[in-house]
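Scroll down for the structure; my scribbles are underneath it.
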Number of protein chains: 2
Amino acid sequence: MKLQKVTDAGQAEPVRHGRRYRDACGAAFALELVGERWALLIMRELMFGPKRFGAIRGGLPAISARVLAERLGELEAAGVVRREMLAPPASVAVYALTDWGRQADEAMLALCRWSLQSPGHDPSLHLSSAGLMMSLRALFRGGADTAGEIAVGEDLFAVSVAKGVFTVRSGAGEAAAFRLTAADARPLMQLFYGKVGLAAAEAVGLAVAGDRAAAAAFGGCFALPDKLA
Amino acid sequence: MKLQKVTDAGQAEPVRHGRRYRDACGAAFALELVGERWALLIMRELMFGPKRFGAIRGGLPAISARVLAERLGELEAAGVVRREMLAPPASVAVYALTDWGRQADEAMLALCRWSLQSPGHDPSLHLSSAGLMMSLRALFRGGADTAGEIAVGEDLFAVSVAKGVFTVRSGAGEAAAFRLTAADARPLMQLFYGKVGLAAAEAVGLAVAGDRAAAAAFGGCFALPDKLA
DNA sequence: CAGAATCCCATTCGATACTG
DNA sequence: CAGTATCGAATGGGATTCTG
């Protein structure tokens with residue numbers, strides 16, 4: 001009722017909240033689509049693959065079920081998210097970004113890179129596996145070609161550096177030279193944000209398998225930008 | 001009181017609204033800083049130079065004075081905006097982006113480029129001169145080197161294409177080959193968004209001075225992206 | 001006139017409880 | 001687990017008013 005109104009033809013038409021910017025600039029239109037509270041973070045959670053309602057909540061512990069349901073409805077009406085029913089016998093609903101929704105990652109990365117220059121950023125907060133991978137993409141500084149896997153809790157990602165381009169995919173990787181495993185993002189943040197060595201990260205819960213030298217070199221590909229103030 | 005609390009030492013400490021994301025990802029932190037309603041559009045208005053309170057309102061006719069004052073206070077506390085007192089005899093307050101605040105333009109451009117792919121975008125809405133220049137930057141597709149001036153209402157911008165890079169500055173331009181003048185953004189939107197010729201834009205209020213061929217070529221450097229749906 | 005302060009109301013958010 | 005219902009609290013928007 002709040003999210004959309006059904007026209008005479010029965011078509012869903014996004015009405016959104018009465019609050020519009022009434023501004024023809026693309027930035028304003030983007031904010032109409034994904035500027036509501038939590039919207040961009042929900043998209044981040046879906047950036048590496050479809051997720052169930054509960055899995056999104058898992059990545060965003062501070063969101064309430066009500067707001068999450070509301071946002072998913074709005075994002076679906078906006079064409080950013082698609083609700084899909086998995087085939088039987090699974091028969092559960094998952095939420096996935098549309099192709100267009102996935103293209104918002106450039107904007108998201110730009111926001112990450114910008115905000116991480118601030119000395120006010122607090123890396124001690126909770127970080128989901130999707131948030132970690134997003135941060136890695138934002139923090140990539142370049143380095144030698146390599147490939148590996150990162151396992152965070154239940155989630156597995158294939159990462160690679162090829163020709164100076166860093167790529168993350170969901171799932172197992174081809175020809176992974178190393179694998180970093182941790183129960184949550186904390187130890188990996190130490191390694192990537194904190195610029196500590198592999199050994200220090202292992203002391204706080206990281207497990208390294210495979211080529212240790214390759215893993216260490218990979219860790220050196222990322223750094224927080226220089227702070228401003 | 002709502003924007004900041006004064007500590008024992010008397011220092012201003014951004015408390016924001018109780019609503020936090022509690023998420024270590026840079027995207028979440030960016031949203032804490034500039035994710036409130038109107039914040040990014042206020043920054044857009046300041047992107048090409050400092051403005052007075054009333055001038056910002058002029059660019060954002062739908063914002064209320066209360067919310068604008070509140071946002072300016074928050075953005076100042078966040079280090080994105082600086083409130084400056086012009087030297088006498090002017091002695092008026094203006095709001096300017098800090099260096100860091102200006103760096104958010106990459107993220108803003110990415111949002112523009114993303115959202116303008118949507119068929120839902122409505123170019124018939126109001127557009128401020130800052131919004132127009134932002135949109136031009138987002139719509140730039142490349143073209144031959146040139147330089148000119150664009151005058152929208154009271155505002156004057158120097159634009160140039162050099163080595164495939166499009167630049168906008170506030171004020172008069174060096175060696176401008178042409179000048180496009182209009183009372184508001186509408187005729188210029190016709191030219192740049194609408195892909196109509198110079199003559200058609202002149203029919204709706206555009207005035208062209210100087211080298212017409214250069215002006216026409218400049219107009220051809222911009223285009224809306226292909227729509228998705 | 002610029003812009004801060006105040007009041008009122010509609011909407012939204014967040015937390016908890018509830019249901020299939 | 002996947003949402004929905006409900007309610008108090010906070011916010012946004014608009015109008016009005018004060019102050020210099």
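Labels below follow one simple rule: chain letters A, B, ... track the order of the sequence lines, proteins then strands, and each chain is numbered from 1.
- Distance B/Arg19 CZ to C/dA15 C1': 12 Å, rounded to the nearest Å.
- B/Trp38 has a side-chain polar atom (N or O) that falls below the 4.0 Å cut-off from OP1 or OP2 of D/dG13.
- Proximity of A/Tyr95 to the phosphate of D/dG3: a side-chain N or O atom is located under 4.0 Å from OP1 or OP2.
- For A/Arg37 and C/dG14, the shortest distance from a side-chain N or O to OP1 or OP2 is below 4.0 Å.
- Between B/Phe29 and B/Tyr21, the distance separating the two ring centers is not shorter than 6.0 angstrom.
- The shortest non-hydrogen separation linking A/Pro123 to A/Met189 is O-CE, 2.8 Å.
- For the side-chain hydrogen bond (donor to acceptor under 3.5 Å, both in side chains) criterion with B/Tyr95, the lone passing option out of B/Arg82, B/Arg83, B/Lys51, B/Glu76 is B/Arg83.
- Atom pair B/Ile42:CD1 and C/dG3:C1' shows a separation of 14 Å (rounding to whole Å applied).
- A donor-acceptor contact under 3.5 Å links the side chain of B/Arg66 to the base of D/dG12.
- Here A/Ala65 lies in heavy-atom contact (under 4.0 Å) with a base.
- If you take OH of A/Tyr21 and P of D/dG13, they are 8 Å apart, rounded to a whole angstrom.
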Please write out each protein N/O paired with an N/O of nucleotides 18-20 of chain C under 3.5 Å, distance rounded to 0.1 Å.
none

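- Checked against the 6.0 Å centroid threshold, B/Tyr193 and B/Phe222 do not count as a close aromatic pair.
- To the nearest angstrom, P of D/dT11 lies 8 Å from CD of B/Glu36.
- Within the 4.5 Å cutoff, no side-chain heavy atoms of A/Val34 are placed close to those of A/Ile42.
- If you check residues 51-64 of chain A against DNA chain D, the residues with a heavy atom closer than 4.0 Å are A/Arg52, A/Phe53, A/Gly54, listed by number.
- Regarding contacts with the backbone of D/dA10, every side-chain N or O of B/Arg20 stays at 4.0 angstrom or more from both OP1 and OP2.
- Between B/Arg71 atom CZ and D/dG13 atom P the separation is 8 Å, expressed in whole Å.
- Rounded to an integer number of Å, the gap from CD of A/Glu76 to P of D/dA2 is 16 Å.
- Going from atom CD of B/Glu84 over to atom P of C/dG3 covers 14 Å, rounded to whole Å.
- Nucleotide D/dT11 holds its P atom 8 Å from the CD atom of B/Glu70, rounded to whole Å.
- Counting only heavy atoms from C-beta outward, the side chains of A/Glu106 and B/Arg113 never approach each other to under 4.5 Å.
- Proximity of B/Leu127 to A/Cys25: side-chain heavy atoms (C-beta onward) are separated by under 4.5 Å at one or more points.
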